[in-house]
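Since the structure comes first, as structure tokens, the remarks are kept for the end.
Quick caveat: nothing in here was measured; it's all calculated off a predicted structure. By convention here, the first residue in the shown sequence is residue 1. Values below: every heavy atom of this structure, side chains too, minus hydrogens, waters and symmetry copies.
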Amino acid sequence: MTNTNARLLRPGEVAALFRVDVKTASRWAVSGKLPAIKTPGGHWRFPEGPVRAFLAGESTAADGP
């Protein structure tokens with residue numbers, strides 16, 4: 001992530017945007033479908049830009065959504 005001021009979304013926020021379960025958002029992080037970082041406490045955080053791009057139908061992974 002190059003912009004250190006980028007807003008990071010929690011899995012619940014991502015799940016609400018896509019209308020999926022929170023566990024689905026976490027699975028997307030693990031599988032690489034969405035870029036994510038893990039906090040020192042073990043929680044997933046998603047940079048808002050790529051999440052919005054994925055929501056708009058733009059692929060963020062090499063093999064697509």
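The closest side-chain heavy-atom distance from Pro35 to Phe46 is not below 4.5 Å. Within the 4.5 Å cutoff, no side-chain heavy atoms of Val20 are placed close to those of Val14. Two residues are said to be in side-chain contact when any heavy atoms from C-beta on lie closer than 4.5 Å; Arg45 and Pro11 meet this criterion. Contact annotation: the side chain of Val51 never approaches that of Glu13 to less than 4.5 Å [non-hydrogen atoms, C-beta and beyond]. Counting heavy atoms from C-beta outward, Ile37 and Trp44 have side chains that stay 4.5 Å or more apart.
Here the shortest heavy-atom pairing between Asp21 and Lys23 reads OD2-N, 2.9 Å.
With hydrogens and angles ignored, the 3.5 Å screen pairs a side-chain donor or acceptor of Ser31 with a backbone N or O of Arg27.
Val22 and Leu55 are assigned to two separate hydrophobic clusters, defined by single-linkage of ILVMFWY side chains at heavy-atom distances under 4.5 Å.
Distance check, rounded to the nearest 0.5 Å: OG1 of Thr24 to CG of Leu34 gives 11.0 Å.
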